Amino acid sequence: MNTHPSQVHRAQRQQILSPNFESIETCREYRRKALAAVPAAKQFLAEKCSKEHRCNSGLCPLCIRALRKRLVEFLHQQNLHDRKWFFVTAYIRGWTRKPGDVRPFPKLGSHPQIKAFVRRLRYLKVPNLMLIGAIETVWRTNDNKATGKPFHLHFMVSGPSEAQVKQAASGFDRDDNVRTPLKVIPVEPGWEDFRDTATYTIKQPFWKYSYHGLGPKKQRQLPNRQELTELISNLGAHDVRGRFVFVGMQYKHGRFALTPNMKSMSAKPKVEDGSNNPADAEARPPNVVWVNLIEGILATLRAGNWAPQARLTHQPSIASTAVVPPCTADKHNPTERNSDMGAQGTRSQSHQKTSPSAKRIFKVKHVEIDEATGNYSYALAVQKKDGVGEIVVARSALAKISDLKRTLLDKGVLVPPNLGDLCAAILDGALPSREIRVVKTGRWIGDAFLCPFGVFGKASDVANVRLDRSLVLPRKEKGSRNDFLSQIRRFLLRSDFLILAYVAALLPSMASRLGRSSSFGLNFAGESSTGKTTALVLAHSLLTEASERSLFNFNSSPVHLTNRLTSFGGLANPFGDLKAANEKGRQAVEKLQTTIFNAASGKGREGPVTGGLETPSFSIPFFSSERPMAQLFQDGNLDYEGGDAVRLIDIPVPNRSEGGIYNRRRAQESSASLAAELKSLLERQHGTILPAWIKHLSSIHTVGLDFSRAISKVEFMKFIDEPTDGVHDRIADCFCLLYAAGDLASQTGLIPVKSVTIRRALARLYDAVLRQFVSASRRDEQAWGLFQDGIEKFPLLVRGEAPADVAKASTGFRRIEKDGLRLYVKLEALRTLVNDDWCVEHVILKRLIELDALDEGSGARSIHVKHKGLPRTRYLSINLDKLDP
């Protein structure tokens, strides 16, 4: 479009546009608010957009206004309002986004429902079928209460009859919960109603409709900042045509045109710069480049220097807009024999060399769509000094040519001279047919298992799915599977803990295959040098090369840990010893507690714009510590509650004197020699088991796999005592899952021990876990007993009488009050009585509060108490009559 359009052009535009068509100033303010609503605006909108350099974002009000304006000009120029049109509105089942839901809508203009509707129209075989459509959403409120963001369809159809349009529209999977019925409304004849309907169909992306009561009346408003944020997140990043669909016409390179199978109803425009107004051609100078080219060709023909040209073996790039120099020779521009004709020229002789600029490849290979955010990136084939390479750039990067050029140069790319034109062509042109979905979570997709270490199973199922490049890790394999299985058997028979680590490495992929996402963690707790880390290395060696240094690092930030575990869904994630953590005490415990909770049953951290990561696949965070979890929580002054015990199962490891993890070793074998031999084996044999395990899982139907899991659970539950409470039952269910994986691996020969050996080993470890609960319960009851026995040690005083022994009564005393016998005691005396600070806080005081026996003052647990002969001070006030008898 011209930078300076003519006055005739402006006058005509004002006549054909609607009187309330948005102004440029309004759209600029609108765009400013949209940028302010999105913290990471560069993912959706370029920072600047002008008439000379459009950002071409489908969320940019200025770019949408330019498209709407050109659409109106095109429709008026082609006299399309003389046709019979019908307007269609449809609400589709499952398309409504709830308030607070910031997930991007999966597809916009290319949605299957739209394609199916167009297909049904084409089956009618009507001549000159035309369609103008869009998918959109609004922020909807009823009586100032947000009710949702219903995505819906608007279409204008011409060609079929009203009955045929209704028949095609009846194929939509309509949302019955929406009061608005399916509408097929004839458009009134004449320009005004046709223009208003077209601009209503293709309109700005952000609106808010406020309803009052149950009536149809609504108020159209501009969303506030939070509402804009959600709308932008739901719409996702897309180009200026992303929400729209056209049949019989097309929008390409900034202009509208009829498709070849359509007959124009008026003269074609004589303008080549994007404007659909023929009046602009009169005030526009001729194209000097093409004039020079034509004159050059004529001069060559007159001089008789013409010769047949070599036939092109490939089509030149349409996106190339390099200036073609004149072919005539004069004193200012002498013609050279081997001069370059530009990107669209040909070589006149076989020995001529192509200029460096013609060799600089810059084209799209495929488009990558981030599943979490909906952002688009382009995988580009580029020219480097050592050959053709590939780089991936975000869509927004193509709008900033200077920054993009700097990035390309930093990566050693030979930048083409017409980079700006190529980027504009990519942004304006149709997207490549192949779209690759970029995910950030390890998971099963069909019969293929995708994880940071590669793709296992049926690789064709993930042909158009790729894991985020930042998560990919190299996988190393050494030795053979048969050698590993034959040599590891001896060590598994010597250790229940190695069997547990082995099956824990196999379970996550099996559980995620079954669709389970409620994960759990494991922790080997015992003194140092007992082989705990070796067991974790064994779990990791089933997939890749493993050593103590290759285990996961717990010193990352909590958010990074959570996202990391989510990305490694379907795998066991062994961490290094917790004693190496930078945080200590309460900070370390809170970090561990939060990480396990998010990895087991939560999600990655979400922001106001990004939807964060999806709910993770089943995974097992695997830890080791020198002290049990209950003691670590106690040091952090936190309760180790039942939920923590289920999400992170603490497994006690015997002391070094008892063999550590090698609890089944023979008398002549030492744990130190076994550890050294196992370490040597894992260095020589690794990375061979899990790929074969995934291949076997992919060959089993999920129904059969779930049946096998259910049978294994019945067998294991017969082997252990019946759980006595909910926590024990949930821990038993975790061990049943572990046994199911071990049983299946034993049947397929991927663990070299019998199923009964695995069952006995897991049952022994399950009993050891439950013994910890029994000992903790006994400790709590012992602390409560010490408290009750020590009550009589405090003297019984009478109100108004001084105590006989002031020193003894100053730490605590009993006194009869109107509501019964009370004990006034200082916290220090209570700690001395129980001799366990943790039990005082988490057993004594907690139970007193549950019994409603502790009077709490304002802002404190103690109250001021006065008694004759004693100084006025604060005591814990305990109603002894409310204690258990």
Side-chain angles (χ1 to χ4, degrees), residues 58 67 71 74-75 78 80-97 105-138 150-189 193-194 196-203 235 238-239 241-252 256-265 430-435 464:
L67 181 142
L71 174 65
F74 172 75
L75 298 177
Q78 297 291 338
L80 296 180
H81 57 280
D82 293 339
R83 298 169 60 103
K84 182 61 178 177
W85 290 86
F86 297 95
F87 178 71
V88 183
T89 298
Y91 288 83
I92 310 301
R93 188 189 310 273
W95 280 22
T96 298
R97 288 281 194 260
F105 196 78
K107 290 186 178 181
L108 291 175
S110 61
H111 198 279
Q113 291 274 6
I114 298 178
K115 293 181 178 179
F117 178 62
V118 174
R119 195 180 308 117
R120 292 193 293 269
L121 290 175
R122 292 190 185 279
Y123 286 161
L124 300 176
K125 304 295 185 180
V126 295
N128 293 335
L129 171 67
M130 291 199 74
L131 180 143
I132 304 171
I135 183 171
E136 66 169 39
T137 189
V138 295
F151 279 83
H152 56 282
L153 303 175
H154 288 318
F155 284 115
M156 291 179 65
V157 184
S158 177
S161 65
E162 183 174 359
Q164 290 174 323
V165 174
K166 288 182 178 180
Q167 180 183 358
S170 64
F172 286 123
D173 185 13
R174 292 180 52 246
D175 189 350
D176 297 332
N177 297 322
V178 178
R179 295 177 64 247
T180 304
L182 181 68
K183 294 181 179 180
V184 179
I185 304 174
V187 179
E188 296 293 333
D193 189 59
F194 171 73
D196 295 342
T197 305
T199 52
Y200 180 81
T201 303
I202 307 295
K203 58 175 178 286
L235 290 169
H238 57 276
D239 64 0
R241 304 176 310 164
R243 293 187 296 124
F244 311 132
V245 57
F246 303 105
V247 175
M249 54 187 288
Q250 62 183 358
Y251 182 73
K252 192 173 183 181
F256 285 94
L258 294 174
T259 54
N261 59 341
M262 287 297 301
K263 295 181 180 179
S264 176
M265 301 183 67
L431 292 177
S433 57
R434 187 186 181 196
E435 294 183 351
N464 294 325

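Values in this document were obtained by computation on a predicted structure and should not be read as measured data.
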Distance-minimising heavy-atom pair for [X] and [Y]:
{"X": "F86", "Y": "P186", "value": "CD2-CA, 3.8 Å"}
{"X": "G133", "Y": "T201", "value": "CA-CG2, 4.1 Å"}
{"X": "F244", "Y": "A134", "value": "CD2-CB, 3.5 Å"}
{"X": "H238", "Y": "G242", "value": "CD2-CA, 3.8 Å"}
{"X": "L182", "Y": "A169", "value": "CD2-O, 3.6 Å"}
{"X": "L121", "Y": "A168", "value": "CD2-CB, 3.7 Å"}

When rounded to the nearest 0.5 angstrom, what distance separates [atom1] in [X] from [atom2] in [Y]?
{"X": "M156", "Y": "L75", "atom1": "CE", "atom2": "CG", "result": "7.5 Å"}
{"X": "F117", "Y": "H111", "atom1": "CZ", "atom2": "NE2", "result": "15.0 Å"}
{"X": "Y91", "Y": "K183", "atom1": "OH", "atom2": "NZ", "result": "7.5 Å"}
{"X": "E162", "Y": "I185", "atom1": "CD", "atom2": "CD1", "result": "10.0 Å"}

Query raised in the report: Which one of I132, V247, V184, V165 satisfies the side-chain contact (heavy atoms from CB on, under 4.5 Å) criterion with V157?
Result: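 Filter result, single survivor: V165.
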Requested in this report: Take F151 and I92 through the side-chain contact (heavy atoms from CB on, under 4.5 Å) test and state the conclusion after the steps.
Outcome: CA-CA 8 Å; F151 279 83; I92 310 301; over 6 Å; no
Contact between [X] and [Y] at the side-chain level, heavy atoms closer than 4.5 Å - yes or no?
{"X": "R243", "Y": "F105", "result": "no"}
{"X": "H81", "Y": "V187", "result": "no"}
{"X": "T137", "Y": "L235", "result": "yes"}
{"X": "Y251", "Y": "F74", "result": "no"}
{"X": "F155", "Y": "V245", "result": "yes"}

Query raised in the report: Taking only residues two or more places apart in sequence, or in another chain, which ones meet E136 in a side-chain hydrogen bond (donor to acceptor under 3.5 Å, both in side chains)?
Result: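 H152, H154, K203.
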Query raised in the report: Would one find more than 12 heavy atoms of other residues, nucleotides or ligands at under 6.0 Å from atom NZ of K84?
Result: yes
Query - CD (Q113) with more than 12 external heavy atoms under 6.0 Å - result: yes
Query raised in the report: Would R122 and L131 satisfy side-chain contact (heavy atoms from CB on, under 4.5 Å), going step by step from the backbone distance to the final call?
Result: CA-CA 11 Å; R122 292 190 185 279; L131 180 143; over 6 Å; no
Query raised in the report: Can you name the salt bridge (charged side-chain N to carboxylate O under 4.0 Å, His left out) partners of D196, sequence neighbours left out?
Result: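 For D196 there are no salt bridge (charged side-chain N to carboxylate O under 4.0 Å, His left out) partners, ignoring immediate neighbours.
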Query raised in the report: Can any side-chain N or O of W85 pair as donor or acceptor with the backbone N or O of L80 at less than 3.5 Å?
Result: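 Yes; at least one donor-acceptor contact below 3.5 Å.
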Query raised in the report: Would you find a donor on one side and an acceptor on the other, under 3.5 Å apart, between the side chain of T259 and the backbone of G248?
Result: yes
